[in-house]
Amino acid sequence: MTTGVFAVPAGLDAARPVALVYRVARRTGASRRAARRLCVRLLPVVPGEPVADVASARRIRVLVVRALRTELAPRCDAALLEAAVADAVLLDEVALLPPRQRFVVREMALERRSLAEVAATTGWTRAQVMRLLNAGLSSITTRVHIGHLPRQASTT
């Protein structure tokens with residue numbers, strides 16, 4: 001088995017594929033130890049060329065998700081696996097947003113802070129915060145579709 005190199009440009013986190021594998025493994029019932037072993041076993045599927053941009057990061061995510069589905073499908077419920085993959089991909093897509101959009105989406109959608117709180121914290125106007133939130137959510141919803149969540153071929 002060859003090891004993959006995951007070189008990351010400034011702004012993209014090298015731990016993203018590891019976090020995705022670990023999150024899915026834990027959500028599907030694997031112990032922490034088993035999830036760590038799965039990370040070590042699966043991450044060599046990541047290609048050896050450096051990640052040049054967000055599109056490359058998404059292509060790598062597709063490879064990792066395929067490997068995850070192949071590895072975990074025989075061991076867990078299909079619906080649970082798909083839900084875990086969908087959640088992990090959504091969080092990964094949030095991580096790929098530009099910094100200001102990512103901050104606003106995290107604060108408002110994940111941390112449940114109000115528009116006024118985020119505007120007061122950042123010094124941005126409410127209109128700026130809403131524009132960033134709408135742009136971030138729009139980007140996430142257009143990026144996370146069947147093309148970025150490749151399904152395994154049906155065996156039935």
Trainee: To check you understand the geometry: which heavy-atom pair defines the closest contact between A135 and Q101, and what is its length?
Mentor: CB-NE2, 3.4 Å
Trainee: Might you point out which heavy atoms bring V24 and A84 nearest each other, and give the distance in Å?
Mentor: CG2-O, 3.7 Å
Trainee: With the side chain counted from C-beta on, respond yes when L91 and L110 share a heavy-atom pair under 4.5 Å apart, and no when they do not.
Mentor: yes
Trainee: Taking A88's backbone N and O only, do any of them form a donor-acceptor pair with D92's side chain (distance below 3.5 Å, no angle check)?
Mentor: no
Trainee: Any idea which heavy atoms bring A30 and A35 closest together, and the distance?
Mentor: CB-N, 4.3 Å
Trainee: With rounding to the nearest 0.5 angstrom, report the CG to CD distance, D77 to E82.
Mentor: 10.0 Å
Trainee: Are the side chains of R61 and L96 in contact, using a 4.5 Å heavy-atom criterion?
Mentor: yes
Trainee: What pair of heavy atoms forms the shortest contact from V21 to L68, and how long is it?
Mentor: CA-CD1, 4.0 Å
Trainee: Would you mind reporting whether M108 and E117 have side-chain heavy atoms less than 4.5 Å apart?
Mentor: no
Trainee: If every non-hydrogen atom of R102 is compared with every non-hydrogen atom of A95, which pair is closest and at what distance?
Mentor: NH1-O, 3.0 Å
Trainee: Are L115 and L97 linked, directly or through other ILVMFWY residues, by side chains that come within less than 4.5 angstrom of each other?
Mentor: yes
Trainee: Take R106 and V94 through the side-chain contact (heavy atoms from CB on, under 4.5 Å) test and state the conclusion after the steps.
Mentor: CA-CA 8 Å; R106 277 201 179 129; V94 169; 4.1 Å; yes
Trainee: Rounded to the nearest 0.5 Å, what separates atom OG in S138 from atom CG in L133?
Mentor: 10.5 Å
Trainee: Rounded at 0.5 Å granularity, tell me how far CG in L42 sits from CG in L63.
Mentor: 11.5 Å
Trainee: Using the rule that two of Ile, Leu, Val, Met, Phe, Trp, Tyr join whenever any of their side-chain heavy atoms come within less than 4.5 Å, decide whether L72 and Y22 are in one cluster.
Mentor: no
Trainee: Between T121 and R113, is any pair of side-chain heavy atoms under 4.5 Å apart?
Mentor: yes
Trainee: Mind checking whether F103 and L132 have side chains closer than 4.5 Å, heavy atoms only?
Mentor: no
Trainee: Tell me whether V89 is reachable from V18 by hopping between hydrophobic residues (I, L, V, M, F, W, Y) whose side-chain heavy atoms are closer than 4.5 Å.
Mentor: yes
Trainee: Of all heavy-atom pairs between P17 and V64, which one has the smallest distance, and what is that distance?
Mentor: CB-CG2, 4.3 Å
Trainee: Considering only heavy atoms from C-beta outward, does the side chain of V65 approach that of L20 to under 4.5 Å?
Mentor: yes
Trainee: Listed by chain and number, what are the side chain to side chain donor-acceptor pair (under 3.5 Å) partners of R75, not counting sequence neighbours?
Mentor: E71
